[in-house]
Asker: 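I have a structure I would like to understand better, so I am pasting it below and will then ask my questions one at a time.
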Amino acid sequence: MGGKTIFHIDANSAFLSWSAAARLYKGETIDIRDIPSIVGGDPKSRHGIVLAKSIPSKKYGIQTGETLSSALSKCPTLTIVPPEYDIYVRCSNAMVEILKEYSPKHQRYSIDECFLDCTNMENLHGKPIEVAYAMKERIKKELGFTVNVGISSNKLLAKMGSDLKKPDMVHSLYPEEMEEKMWPLPVGDLFMVGRKTMLKLYRINVKTIGDLANYNVNILKDLFKSFGEVIWKFANGIDDSEVRKSNFIDVKGIGNSTTIPFDVDNKREAYMVLLSLTEIVAMRLRDSENLCRLVAVSIRSNEFANYSRQRKLSFATDSTSVIYGIVKELFNESWKEEKVRQMGVRVSELCSNEFYQTSFFQADEERLRSLDKTIDGIRLKYETGAITRSVFVNSGIKAITGGYSVEDYPPMSSIL
DNA sequence: TCTGGGGTCCTAGGACCC
DNA sequence: TCTGGGGTCCTAGGACCC
């Protein structure tokens, strides 16, 4: 069959493996992959959830996303390590650099996943299964962590394949293998079938991916609208999406949100948090060479009620102070005077800034733009915290919230 | 369950227009 | 207004992914 050859590469327990590899490199003798361990945030600042788990900790029933206290009650001897995002970015970049050598058509799907289109490349690298083992072994040898590789004729099946048995495995999942390898799996294992959809499917007695594949697609469409057809196609291994190079032009929106270490119950403190979030959003927006036409604020109350408010702009902007001004208005319009646990700022409806001429604008706006540029320059050259606003001094609120620094883009030579 | 943060896409309902 | 139908734009919310 003259189909495509698609690989999906997935780092095993990425954050945990990457922290483990970095620790071994620094001379530690214990490999946290071999003991019950997790990567987790700090409960004191209300970030206490499991971000990644080792294979031995899975035996205790520990789940990604559960609270640290819950995880500790399942396994009192659990080793907890903090997340080290700069290391994760380096490991991810290093993995992608190796994978790029196998095909110019590569798509970074997330920090720990990548698709490769190696169609018609057998003469160059060999049979798909051999290429998959070669990639896997190179990453293990050169970078010190393991990956799973899925092989198929489309992205969906390649991704489902890499998810089969872990860790350090290669699986093919061609359409002719689907019935045997994918259909017996619980329907919740299918890409895009989350908790809510799974519950609805259980109600119509669809329990496995095979059940879904063989269900009447018209009934699914009635129940789930267009989404019904999507998951039915996935269950049947149907997917014709392209492996496409992801780049910053494709970015649809830029957001930054944080759970505040304490509940905020007044505008003054809320504004400070919103400003610290906006600083990063606007800086990333400018760095992407885009302007935004939509600004949104999201709020989570201390009782976990979520709501948001957005505004479409009649103009496009990348100015920190313009965006912050709108953010404050949106907060005022939406805040229900209750205690706030989490806040977020997001910009979207991006457009290129290439025709954005400062001469179109009044002197005041021009002055603000040039101030933004100057501050971005200093923050990039030194570090994000090199310049902060004086209102944050002694406030207990961070002047800058969100990961963004030169560390996000390390040179290849600085890997581990 | 004392429960993070980055995203994308879809849908429903209302305003407004012809 | 005892009031049609189709289209677009906007907002809020909810589903999913990692």
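These figures come from a predicted structure and were not determined experimentally. Protein chains get the first letters and strands the later ones, always in sequence-line order, with residue 1 at the start of each.
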Asker: With nearest nucleotide decided by heavy atoms, which residue, A:Gly253 or A:Gln342, maps closer to the 5′ end of DNA chain B?
Answerer: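 Of the two residues, A:Gln342 wins.
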Asker: Cationic tip of A:Lys398 within the cone over A:Phe392's six-membered ring, i.e. under 6.0 Å and within 45° of the normal?
Answerer: no
Asker: Mind running side-chain contact (heavy atoms from CB on, under 4.5 Å) on A:Glu113 and A:Lys159 for me, showing each step along the way?
Answerer: CA-CA 9 Å; A:Glu113 289 178 41; A:Lys159 182 162 167 58; 2.8 Å; yes
Asker: NA contact type, A:Ile254, heavy-atom cut-off 4.0 Å: base, sugar-phosphate, or nothing?
Answerer: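 A:Ile254: backbone/sugar contact only, no base atoms under 4.0 Å.
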Asker: Does atom CG (A:Asp240) have a neighbourhood of more than 12 heavy atoms from anything else shown, all under 6.0 Å?
Answerer: no
Asker: Would you mind reporting whether A:Asp10 and A:Asp112 have side-chain heavy atoms less than 4.5 Å apart?
Answerer: yes
Asker: Please list residues of residues 294-315 of chain A whose heavy atoms come under 4.0 Å from any atom in DNA chain C, ordered by number; otherwise none.
Answerer: A:Leu294, A:Tyr307, A:Ser308, A:Arg309, A:Gln310, A:Arg311, A:Lys312
Asker: With a cut-off of 3.5 Å and sequence neighbours excluded, list every side-chain donor-acceptor pair involving residues 32-51 of chain A.
Answerer:
| from | atom 1 | to | atom 2 | distance (Å) |
| --- | --- | --- | --- | --- |
| A:Arg33 | NE | A:Asp31 | OD1 | 3.0 |
| A:Arg33 | NE | A:Asp31 | OD2 | 3.4 |
| A:Arg33 | NH1 | A:Gly144 | O | 3.0 |
| A:Arg33 | NH2 | A:Asp31 | OD2 | 3.2 |
| A:Ser37 | OG | A:Ile32 | O | 2.7 |
| A:Asp42 | OD1 | A:Lys44 | N | 3.0 |
| A:Ser45 | OG | A:Asp42 | O | 3.2 |
| A:Ser45 | OG | A:His47 | ND1 | 3.4 |
| A:Arg46 | NE | A:Ile260 | O | 3.0 |
| A:Arg46 | NE | A:Pro261 | O | 3.4 |
| A:Arg46 | NH1 | A:Asp263 | OD1 | 3.0 |
| A:Arg46 | NH2 | A:Ile260 | O | 2.9 |
| A:Arg46 | NH2 | A:Phe262 | O | 3.2 |
| A:Arg46 | NH2 | A:Asp263 | OD1 | 3.0 |
| A:His47 | ND1 | A:Ser45 | O | 2.6 |

Asker: Between A:Trp232 and A:Tyr215 (judged by ring centroids, cut-off 6.0 Å), do the two rings come close enough to count as a pair?
Answerer: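 No - the distance between ring centres of A:Trp232 and A:Tyr215 does not fall below the 6.0 Å cut-off.
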Asker: Give one of base, sugar-phosphate or nothing for A:Lys159, where a contact means two heavy atoms less than 4.0 Å apart.
Answerer: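 It contacts sugar-phosphate atoms only.
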Asker: For A:Glu101, look at atom CD and say whether over 12 heavy atoms of other residues, nucleotides or ligands are found less than 6.0 Å away.
Answerer: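 Enclosed: over 12 neighbouring heavy atoms sit under 6.0 Å from CD of A:Glu101.
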Asker: Checking A:Asp211 side chain against A:Lys207 main chain: does a donor-acceptor pair fall under 3.5 Å?
Answerer: yes
Asker: Pull out every residue in residues 218-227 of chain A that has a heavy atom closer than 4.0 Å to any atom of DNA chain B, ordered by number, or say none.
Answerer: A:Lys225, A:Ser226
Asker: For the pair A:Phe331 and A:Tyr271, name the ring-plane relationship: parallel under 30°, tilted 30 to 60°, perpendicular over 60°.
Answerer: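 Geometry flag for A:Tyr271 against A:Phe331: perpendicular rings.
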Asker: Using the C1' atoms only, state how far C:dG4 lies from B:dC16, rounded to an integer number of Å.
Answerer: 16 Å
Asker: With a non-hydrogen cut-off below 4.0 angstrom, is A:Arg341 in contact with a base, only sugar-phosphate, or nothing?
Answerer: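 Sugar-phosphate contact only - A:Arg341 comes under 4.0 Å of backbone atoms but never of a base.
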Asker: Only Watson-Crick and G-U wobble pairs, only distances under 3.5 Å, only runs of 3 or more: what stems does that leave for DNA chain C?
Answerer: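 Expected stems, ordered by start: B:5-18 with C:5-18.
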Asker: Which nucleotide span of DNA chain C, 5' end to 3' end, has atoms closer than 4.0 Å to non-hydrogen atoms of chain A?
Answerer: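 Range of nucleotides within reach of chain A: C:dC10 to C:dC18.
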Asker: Any cation-pi pair here, A:Lys74 with A:Tyr60, using under 6.0 Å and within 45°?
Answerer: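 No, cation not above the ring by the 6.0 Å, 45° rule.
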Asker: Taking A:Arg286 for the side chain and A:Ser319 for the main chain, is one N or O donor matched with an acceptor at less than 3.5 Å?
Answerer: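 The answer is no, because no donor-acceptor pair under 3.5 Å joins these two groups.
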Asker: Is the ring pair A:Tyr109/A:Phe115 parallel, tilted or perpendicular, if the boundaries are 30 and 60 degrees?
Answerer: perpendicular
Asker: Looking only at the aromatic ring of each residue, does the gap between the centers of A:Phe15 and A:Tyr88 stay below 6.0 angstrom?
Answerer: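 So the answer is yes for these two rings.
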Asker: Are A:Pro167 and A:Ile55 side-chain neighbours, meaning at least one heavy-atom pair lies under 4.5 Å?
Answerer: yes
Asker: Quick one, which residues of residues 40-48 of chain A touch DNA chain B with a heavy atom under 4.0 Å?
Answerer: A:Arg46, A:His47
Asker: Please work out which of the three classes, parallel, tilted or perpendicular, describes the rings of A:His125 and A:Tyr102, given edges at 30° and 60°.
Answerer: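 Tilted: the ring planes of A:Tyr102 and A:His125 meet at 30° to 60°.
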Asker: Which part of the nucleic acid does A:Gly65 contact within heavy-atom distance under 4.0 Å: base, sugar-phosphate only, or nothing?
Answerer: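 No contact.
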Asker: Taking everything shown except A:Ile204 itself, do over 12 heavy atoms lie less than 6.0 Å from its CD1?
Answerer: yes
